[in-house]
Amino acid sequence: MKKYALVFPGQGAQKIGMGKDLYETSSAAKKVFETANEVLGYSISDMCFNGNEEDLMKTINSQPCILTVELAALEAFKEKCPDLKIACSAGHSLGEYAALYAAGVVDLKTVLKLIQKRAFLMNEAAESTDGAMAAVIGLDDETVIKLTQEIEGVYVANFNSNGQVVITGDKNAINNSIDRFKAAGAKRVLPLAVSGAFHSPLMKEAGNSFVDFIKEFKFNNANVNVYTNVDATATTKAEDFIEKLPKQISSSVCWTQTINNIANEGITDFIEIGPGKVLAGLNKKINTELNTMNIYDVESLNTTLELLKEKELV
């Protein structure tokens, strides 16, 4: 039986209006938003549909907003296609939480509480440190790793795709390292509009605080493999997720390795669930033979359902 992988994007995918037409047309999606409003203690739906860009970009808001839209889109998909043929799931940074939900590791209320706390801790860490991030374009992973080992205060945040690695760390160190990366052959080094040094040791305290918080919640064994950010390995045991999630906050996101490992299992069809098409673009750069469909609104949901029928995946 042919199967597909579900993948979920991370911070940066947000935009005003996301999820609105799913809310208006899918009872399952609407229920997700209503539950999020209740659990999070404010109108997440209003922030997604009618908020302003400045507020939505804030880590403390963007993470729960993006996750809610991803879960709503997933439930709208399941409403139309109850017999999902999922081979595995994975998510980029905060998207990993949606991947855990999709695999039955955590329930809806739990995953919302987890991401709210994660966003708070990461925002708090960002405000107490002077961090920054930048995308290095056109260098291989090994060269970027070598340079970060040589430059104090600079680390690898994301292995996004072949020739695209995000660096993170102390703001002055990041700014002062740009010429080093260009001299090593980088085509471009682009500072990112983020508020902190995410996925770096500057987030270590946030990860440590998350360790105690996460122990309060029930985790299940996954019903399909979840490829985790910290090591790109297929994971199913509840205790492994409890151990890995706090580490993920200060560790590199191994996305290139994750997609390669999933492809090595013979999976060539992916469905990106959530706002935008960021992961579709990254996946194509990682492996041109991969096909990534998208679900982020009603039109893309219907288009993906048609494609799945054509491929005999539903």
Side-chain angles (χ1 to χ4, degrees), residues 4-19 53 56-57 62-63 65-67 69-70 73-74 77 87-99 102 133-141 144 156-168 181 186-194 198-199 227-229 232 252-265 267-308 311 313:
Y4 46 79
L6 299 183
V7 292
F8 301 86
Q11 203 165 337
Q14 68 274 359
K15 68 173 185 175
I16 300 299
M18 60 183 183
E53 293 287 351
L56 193 58
M57 282 183 66
S62 63
Q63 292 194 18
C65 283
I66 292 168
L67 178 69
V69 173
E70 291 175 350
L74 173 63
F77 178 37
C88 59
S89 66
H92 191 288
S93 192
L94 80 88
E96 186 161 282
Y97 289 76
M133 302 175 75
V136 179
I137 311 298
L139 276 184
D140 59 85
D141 293 355
V144 175
V156 174
N158 309 332
F159 295 100
N160 276 343
S161 67
N162 301 330
Q164 185 187 130
V165 178
V166 174
I167 55 174
T168 180
F181 284 97
K187 294 178 181 177
R188 287 178 292 169
V189 181
L190 307 173
L192 301 180
V194 295
F198 302 127
H199 297 292
Y227 284 78
T228 47
N229 285 185
S252 303
V253 174
C254 300
W255 191 252
T256 304
Q257 300 88 333
T258 289
I259 298 304
N260 281 330
N261 287 344
I262 293 174
N264 287 340
E265 295 297 322
I267 306 301
T268 58
D269 289 298
F270 291 73
I271 303 176
E272 178 181 2
I273 300 181
K277 298 182 178 182
V278 172
L279 299 184
L282 295 181
N283 290 358
K284 185 60 71 175
K285 291 177 182 176
I286 294 168
N287 185 332
T288 56
E289 295 182 3
L290 302 181
N291 171 59
T292 304
M293 295 160 276
N294 289 87
I295 297 175
Y296 52 84
D297 60 10
V298 173
E299 183 180 358
S300 59
L301 170 59
N302 291 332
T303 298
T304 290
L305 286 170
E306 288 301 316
L307 289 171
L308 290 172
K311 290 173 169 287
L313 288 167

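Quantities reported herein were computed from a predicted structural model and do not represent experimental measurements.
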Heavy-atom closest pair, residues [X] and [Y]:
X      : Y      : answer
Ile259 : Phe270 : CD1-CE2, 3.8 Å
Tyr296 : Pro275 : CB-CA, 4.0 Å
Ala90  : Ile262 : CB-CD1, 4.3 Å
Asn160 : Ile286 : O-CD1, 3.6 Å
Ala102 : Leu6   : CB-CD1, 4.2 Å
Pro9   : Ile273 : CD-O, 3.2 Å

*asked:* A side-chain contact here means heavy atoms from C-beta on lying under 4.5 Å apart; do Leu308 and Phe77 qualify?
replied: yes
Please round to the nearest 0.5 Å and tell me the distance separating atom [atom1] of [X] and atom [atom2] of [Y].
X      : Y      : atom1 : atom2 : result
Asn283 : Thr288 : CG    : OG1   : 12.0 Å
Ile167 : Ser252 : CD1   : OG    : 12.0 Å
Leu305 : Ile295 : CG    : CD1   : 6.5 Å
Tyr97  : Ile66  : OH    : CD1   : 14.0 Å
Glu265 : Asn260 : CD    : CG    : 12.0 Å
Asn229 : Asn158 : CG    : CG    : 8.5 Å

Whether the side chain of [X] engages the backbone of [Y] through a donor-acceptor N/O pair (distance < 3.5 Å, no angle test) should be reported.
X      : Y      : value
Thr258 : Tyr227 : no
Gln14  : Cys65  : no
Thr304 : Asn294 : yes
Asp141 : Asn162 : no
Thr168 : His199 : no
Ser89  : Ala99  : yes

_Within 6.0 angstrom of Lys15 NZ, more than 12 heavy atoms from elsewhere_ = no
*With sequence neighbours left out, what residues match His92 under ring-ring contact (aromatic ring centres under 6.0 Å, His included)?*
Trp255
*salt bridge (charged side-chain N to carboxylate O under 4.0 Å, His left out) involving Asp269 - partner list, sequence neighbours excluded*: Lys311
*Are a donor atom and an acceptor atom from the side chains of Asp297 and Ser300 found within less than 3.5 Å of each other?*
yes
*Say whether Thr292 and Glu272, considering side chains only, have a donor N or O and an acceptor N or O under 3.5 Å apart.*
no
*Determine, step by step, whether Val165 and Leu139 satisfy the side-chain contact (heavy atoms from CB on, under 4.5 Å) criterion, reporting the C-alpha distance in whole Å, the side-chain angles of both residues, the deciding distance to 0.1 Å, and the verdict.*
CA-CA 8 Å; Val165 178; Leu139 276 184; over 6 Å; no
